[in-house]
A.B. asks: 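This is the structure, below, for whatever I ask next.
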Amino acid sequence: MTADDWSAQISGGEELAWNGGEWPLGAFAAAALIAGEVFKVSMRRLRDHAKNAPLFEDLYAPARSACVRLAPAETPHATSLDAIDLISGGAIGNSFLYTLLRLPRCSAEIRVMDDDESALSNLNRNALLRRSRIDIPKVEDLASFAVDRIAIKPLVHRYGGEEDPDLADTVIVGVDHIPSRWSAQRSRPTWLGVGATEGFSVQVSHHRPGQACAQCLHPEDAPIDGPIPTVAFVSFWAGLLLAADLIRKTAGTLPSDNEQQVFLPALRPESWDYAHSPINPRAGCPNCAELGVVS
Ligand SMILES: [Zn+2]
């Protein structure tokens with residue numbers, strides 16, 4: 001594997017020289033790529049138990065080579081971030097904060113909202129969680145990672161229900177609860193980043209005024225029934241992609257509307273070249289109708 005500031009590459013054949021430096025985003029992507037390959041090596045030992053052998057072979061086959069580019073090479077390292085509201089103390093929120101806390105000279109004021117306490121089942125994927133911190137409110141644990149230039153203010157609150165606080169202009173949502181994404185969008189932030197995972201796939205989008213909103217992209221509530229299957233590197237991708245988008249927004253170099261969302265099946269990173277797409281404003285979206293984006 002190799003990485004530079006904004007991109008990562010793995011190859012099963014050729015030897016790659018490491019190009020990483022002080023800026024860690026590309027290296028994080030390289031780590032997530034390799035974690036996926038290690039996971040697949042483990043899964044292939046279960047091949048004899050597969051119910052659908054052809055699908056199993058396709059899904060868990062090694063990636064011969066893959067290249068993920070989080071931003072163009074010349075993208076500035078913009079690290080003076082705005083005030084941010086982070087709605088998620090879970091795996092995606094952990095990954096997002098893990099990333100920001102490791103950026104050189106990053107400064108930010110972050111308020112993190114969640115009403116949950118860390119549990120044993122969170123240890124596999126919450127990048128900042130330690131065994132000794134189980135049963136503590138997630139936001140309080142995350143706030144303990146604050147450093148000089150990165151303030152993290154905890155708010156024990158389940159966003160998307162009653163008596164939600166006013167939100168900052170920059171909002172990151174990483175919760176599975178889809179109506180929370182709608183509520184955050186209706187607060188009219190000037191920039192909303194939404195990170196979502198399902199199965200082994202990651203979907204990250206950003207929404208500015210005039211663009212298709214989070215409710216256009218996630219129009220149906222899908223109540224969660226039973227335990228949520230999780231694997232660490234999938235959640236990590238979501239937080240990493242959100243952080244990269246936020247830095248691009250701060251640097252004033254966000255991609256065009258044609259790249260408003262990224263959908264990455266994390267086990268098949270070869271698909272990165274086709275992972276970005278536009279989001280069409282959805283006729284009948286109540287939020288966009290109110291704003292006149294659609295009728
Ligand atoms: Zn909409």
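Atoms within each ligand, like the ligands themselves, are counted from 1 in listed order. For the numbers below, each heavy atom of this structure counts, side chains included, while hydrogens, waters and symmetry mates do not.
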A.B. asks: Under 30°, 30 to 60°, or over 60°: which ring-plane class applies to Trp272 and His276, parallel, tilted or perpendicular?
C.D. replies: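 Geometry flag for His276 against Trp272: perpendicular rings.
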
A.B. asks: Is the Phe200 ring parallel, tilted or perpendicular to the Phe233 ring (thresholds 30°, 60°)?
C.D. replies: parallel

A.B. asks: Hey, is the main chain of Pro62 close enough, under 3.5 Å, to the side chain of Glu37 for a donor-acceptor pair?
C.D. replies: no

A.B. asks: Which N, O or S atoms belonging to the protein are less than 2.8 Å from the Zn ion (ligand 1)?
C.D. replies: Cys213 SG, Cys216 SG, Cys285 SG, Cys288 SG

A.B. asks: Without swapping roles, check the side chain of Gln9 against the backbone of Ala3 for a donor-acceptor pair under 3.5 Å.
C.D. replies: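 A pair under 3.5 Å: no.
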
A.B. asks: Can you name the one residue among His157, Arg158, Arg186 that meets side chain to side chain donor-acceptor pair (under 3.5 Å) with Asp164?
C.D. replies: His157

A.B. asks: Should Val234 and Ser201 count as side-chain neighbours, where that means a heavy-atom distance under 4.5 Å?
C.D. replies: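 Side chain of Val234 against side chain of Ser201, heavy atoms only: no contact under 4.5 Å found.
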
